Amino acid sequence: MISMSPIRPGHGWRYLTRGVMVGDGHRRAGAPLRAAQDEAGVPPGVWKGRGLAALGLTAGDVVTERQAELLLGEGRHPDADRIERELLAQGKSPAQARRATVLGRPIEHNASPKTEKAKERTPWLAMDLVFRAPSTAHIAWALMDDDHRRVLELCDDIARDKTLAWLEESVAEIRWKASGKERARVKDGLVVAVFRHYESRARESRPLLHTHAVVSIRARRPHDGKWGNLSADSLMTHIVAADTLYTLSFMQEVSARLGWAWEPREVTPGRRPVMDIAGIDRRLIGWQSTRRQQIEDALPVLTARYEERQGHAPGERAAYALACQAADQTRSPKRTELLSLTELRERWRASATRAFGACTVYRLAERARAAAAAVWARVRPVVDVVLAAVDVVAVVYVMRGAFARHHLLAEARRHLAYVLRGRPHRPGVDETIVQAVVDDYTRPVGRGRRMTADLRALYPRDTEDQAVLRPLTRSRTAPPYERARLAASALAARVRAARRAARLGSRTRPYAVAVPATSRPHPRPFRDGRKDDHLPEPETGIDTVEQTRQTLGAAAAQVAATLQDSRRAREAAHGLRPQPAPATPPPPHTQQPGTQHTPGRTTGGVT
């Protein structure tokens with residue numbers, strides 16, 4: 001999953017230098033950044049993004065403390081010291097030299113008394129995106145050997161870089177003029193500092209492979225090349241779609257490189273399931289997620305206080321706010337003991353072995369491969385775009401009512417993760433599913449870019465069933481996701497039924513005769529569901545049925561006579577003894593004594 005938080009001057013910058021850049025350990029006062037990272041056992045940060053070329057940086061370069069302070073702390077060029085020295089040598093004043101190193105508006109402007117809004121007095125300097133792999137991936141990374149650990153770290157790097165590339169190519173916008181009314185794509189790309197961490201902040205250290213991608217707020221305009229600020233709300237709007245892309249990419253990389261499969265696991269009844277590596281012992285998930293257990297223990301107390309104060313149970317947004325409050329209250333201080341990754345892995349393996357036994361810990365890879373074989377055997381690697389579009393529009397409509405394109409994109413990626421279980425797919429399938437939803441099953445609503453489900457497109461013929469989804473949107477007796485799955489299942493069943501009817505209508509049936517029902521002298525014309533075909537099938541009466549039966553009987557008798565003549569000729573040619581002729585077969589619709597008729601099985605005649 002991906003979470004996002006702003007970095008502002010003051011506390012935000014101190015959190016970046018004392019926590020994010022040196023792992024979750026404790027940095028001694030006055031200790032250099034590289035020495036603090038070595039003591040904490042975390043690798044140094046590296047630069048990422050296509051926007052590095054405009055600053056003279058290269059992807060993969062180590063992030064120095066001075067570069068981070070200038071760019072992420074002051075909004076200036078990361079090589080501002082050298083630029084100032086050169087300008088001062090050319091005779092520029094100190095103020096002119098400093099202003100030449102500022103990217104966009106200087107942060108001193110926000111601290112002036114001219115600013116009226118509080119958010120302008122505390123501007124954003126960067127955005128901290130935290131990438132966390134699924135919980136079972138942390139378990140495999142911590143308890144398996146070094147080869148599996150390195151592969152999982154590589155999968156995390158690839159999925160993170162792919163997500164960052166999608167954000168800078170399709171999402172990131174730069175704004176300018178009053179209130180950011182003018183917006184456009186960034187000219188070069190993003191400038192990102194990436195820092196990897198290994199453990200969680202629980203009281204007892206637990207494995208948590210995660211990465212902090214600190215995105216600089218500074219970017220260049222596409223039309224004049226001047227520096228400005230990114231639109232933070234654009235990134236926040238698409239953070240869920242980025243989360244699903246990261247998870248889907250990580251699953252595919254793990255399955256391609258290790259041969260593991262994924263399966264859904266329901267964490268909270270009625271909520272969305274999470275995808276876990278198949279074969280990982282579920283008890284290890286509880287051992288790894290001690291932080292979640294702390295939050296769950298504190299949440300009932302906060303919920304009871306909310307119900308006593310408000311007089312009703314919390315809704316979806318209030319429940320999320322209470323969970324965040326519980327996470328803040330149970331947040332423990334960082335450990336002061338400094339351990340390397342090798343020491344941490346040894347401690348984690350010993351703790352899991354004491355709790356669940358050596359067989360559970362040391363056979364993780366073997367059980368994951370065996371479980372993957374079972375998953376691949378029962379799950380087909382097929383993506384049905386039509387069924388995927390119906391599933392996506394039903395879930396998003398029931399849960400939101402009105403929605404935007406990024407909501408559909410996030411749900412389409414969840415659908416691919418559930419259907420493929422880690423198998424690769426053609427790039428752009430998620431966009432194809434979204435476009436199918438927008439073109440066939442939605443209609444615009446309001447003045448913005450919002451849309452909603454078009455019930456007339458979902459129910460083109462049965463007008464009395466067009467309101468089947470509306471009660472699900474208003475019901476409060478079941479969780480939203482459970483109601484959404486019910487709607488998606490109902491629509492998928494209708495699509496499959498229409499397809500079966502279309503196949504039956506287009507199939508050639510030379511030996512099948514439709515017998516009209518006795519209670520309806522003139523049967524209803526059969527329709528195959530296609531709009532361009534409105535002609536009914538020709539009706540078949542009793543005379544036609546009898547004529548067809550006689551024709552089929554004569555053809556069967558002729559075939560039998562031909563076979564018998566051929567057999568006699570073959571026996572005469574080879575000098576074989578002639579065999580007695582078989583008894584004459586009974587006429588149609590009769591049954592010999594002593595034989596048993598099998599219902600539903602016919603060899604000819606009338607269907």
Side-chain angles (χ1 to χ4, degrees), residues 1 24 41-43 131-160 196-200 202 204-211 246-267 273-293 339-379 417-418 420-424:
M1 61 173 296
D24 292 322
V42 296
F131 293 78
R132 285 186 286 269
S135 57
T136 47
H138 306 317
I139 297 170
W141 169 81
L143 302 182
M144 291 186 184
D145 55 24
D146 286 335
D147 293 337
H148 287 87
R149 175 185 64 83
R150 285 189 288 267
V151 171
L152 289 172
E153 291 178 0
L154 176 62
C155 295
D156 177 70
D157 290 340
I158 295 174
R160 181 202 62 227
R196 167 162 285 166
H197 293 182
Y198 294 139
E199 56 183 325
S200 66
E204 297 181 2
S205 174
R206 285 294 181 263
L208 183 63
L209 178 65
H210 62 287
T211 304
Y246 166 74
T247 303
L248 179 62
S249 302
F250 182 81
M251 291 171 54
Q252 291 178 356
E253 293 296 331
V254 170
S255 298
R257 298 176 185 274
L258 296 176
W260 296 346
W262 297 77
E263 59 183 0
R265 174 174 62 92
E266 186 182 62
V267 179
V274 298
M275 302 302 294
D276 286 334
I277 300 174
I280 300 295
D281 197 325
R282 297 292 177 87
R283 297 176 299 173
L284 292 172
I285 299 177
W287 167 81
Q288 185 265 341
S289 302
T290 55
R291 184 82 178 94
R292 176 182 177 84
Q293 188 61 41
L339 298 175
S340 64
L341 178 59
T342 303
E343 294 171 335
L344 287 173
R345 283 167 47 82
E346 292 176 355
R347 175 179 291 187
W348 294 331
R349 193 176 291 112
S351 174
T353 302
R354 288 194 303 269
F356 309 108
C359 182
T360 302
V361 174
Y362 291 96
R363 295 185 62 186
L364 282 176
E366 178 183 352
R367 292 178 177 176
R369 288 191 295 268
V375 172
W376 300 144
R378 72 175 187 269
V379 179
Y418 178 79
L420 297 176
R421 307 295 178 91
R423 288 188 177 94

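Computed from heavy atoms alone, side chains included, the values below leave out hydrogens, waters and symmetry copies. Predicted model, so just to flag it, every value in this text is computed and none were measured.
Between the side chains of Thr136 and Trp262, no donor-acceptor pair of N or O atoms lies under 3.5 Å.
Remark: Arg282 engages Glu263 in a salt bridge (charged side-chain N to carboxylate O under 4.0 Å, His left out) (not counting sequence neighbours). Residues passing the side-chain hydrogen bond (donor to acceptor under 3.5 Å, both in side chains) test with Arg196 are Asp156, Asp157, sequence neighbours excluded. For the salt bridge (charged side-chain N to carboxylate O under 4.0 Å, His left out) test, residues two or more places apart in sequence or in another chain that qualify with Asp146 are Arg149, Arg345. Here Ala358 pairs with Thr353, Tyr362 under the side-chain contact (heavy atoms from CB on, under 4.5 Å) rule; sequence neighbours left out. Residues passing the ring pair (Phe, Tyr, Trp, His ring centres under 6.0 Å) test with Tyr246, sequence neighbours excluded: Phe131. By the side-chain hydrogen bond (donor to acceptor under 3.5 Å, both in side chains) test, Trp260 is found to be paired with no residue, residues two or more places apart in sequence or in another chain being considered. Considering only residues two or more places apart in sequence or on other chains, Glu343 meets the side-chain contact (heavy atoms from CB on, under 4.5 Å) condition with Leu339, Ser340. The side-chain contact (heavy atoms from CB on, under 4.5 Å) test applied to Ala142 returns Pro207, Trp348, not counting sequence neighbours. Take Val151 and apply the side-chain contact (heavy atoms from CB on, under 4.5 Å) test, not counting sequence neighbours, and it matches Cys155, Arg257, Leu258.
Residue pairs meeting the salt bridge (Lys or Arg N to Asp or Glu O under 4.0 Å) criterion with at least one partner in residues 131-140, sequence neighbours excluded, do not occur; the list is empty. Within the structure, the side-chain hydrogen bond (donor to acceptor under 3.5 Å, both in side chains) test picks out the following pairs touching residues 366-377 (sequence neighbours left out): Arg363-Glu366.
The structure places CG of Leu364 at 6.0 Å from CG of Leu143, a figure rounded to the nearest 0.5 Å. Taking CD of Glu253 as the start and CG of Leu152 as the end, the distance is 11.5 Å to the nearest 0.5 Å. In this structure, CD1 in Ile280 is found 11.0 Å from OG1 in Thr360, a value given to the nearest 0.5 Å. In this structure, Trp287 CH2 and Arg354 CZ are separated by 10.0 Å, a value rounded to the nearest 0.5 Å. Atom NE2 of His210 sits about 8.5 Å away from atom CD of Glu199, to the nearest 0.5 Å. Note that the CD1 atom of Ile277 and the CD1 atom of Ile139 stand 8.5 Å from one another [nearest 0.5 Å].
Looking at Ser135 and Arg265, their side chains come closer than 4.5 Å, going by heavy atoms from C-beta outward. Counting only heavy atoms from C-beta outward, the side chains of Ser255 and Arg421 never approach each other to under 4.5 Å.
Between the side chain of His197 and the main chain of Leu208, no donor-acceptor pair closer than 3.5 Å is present.
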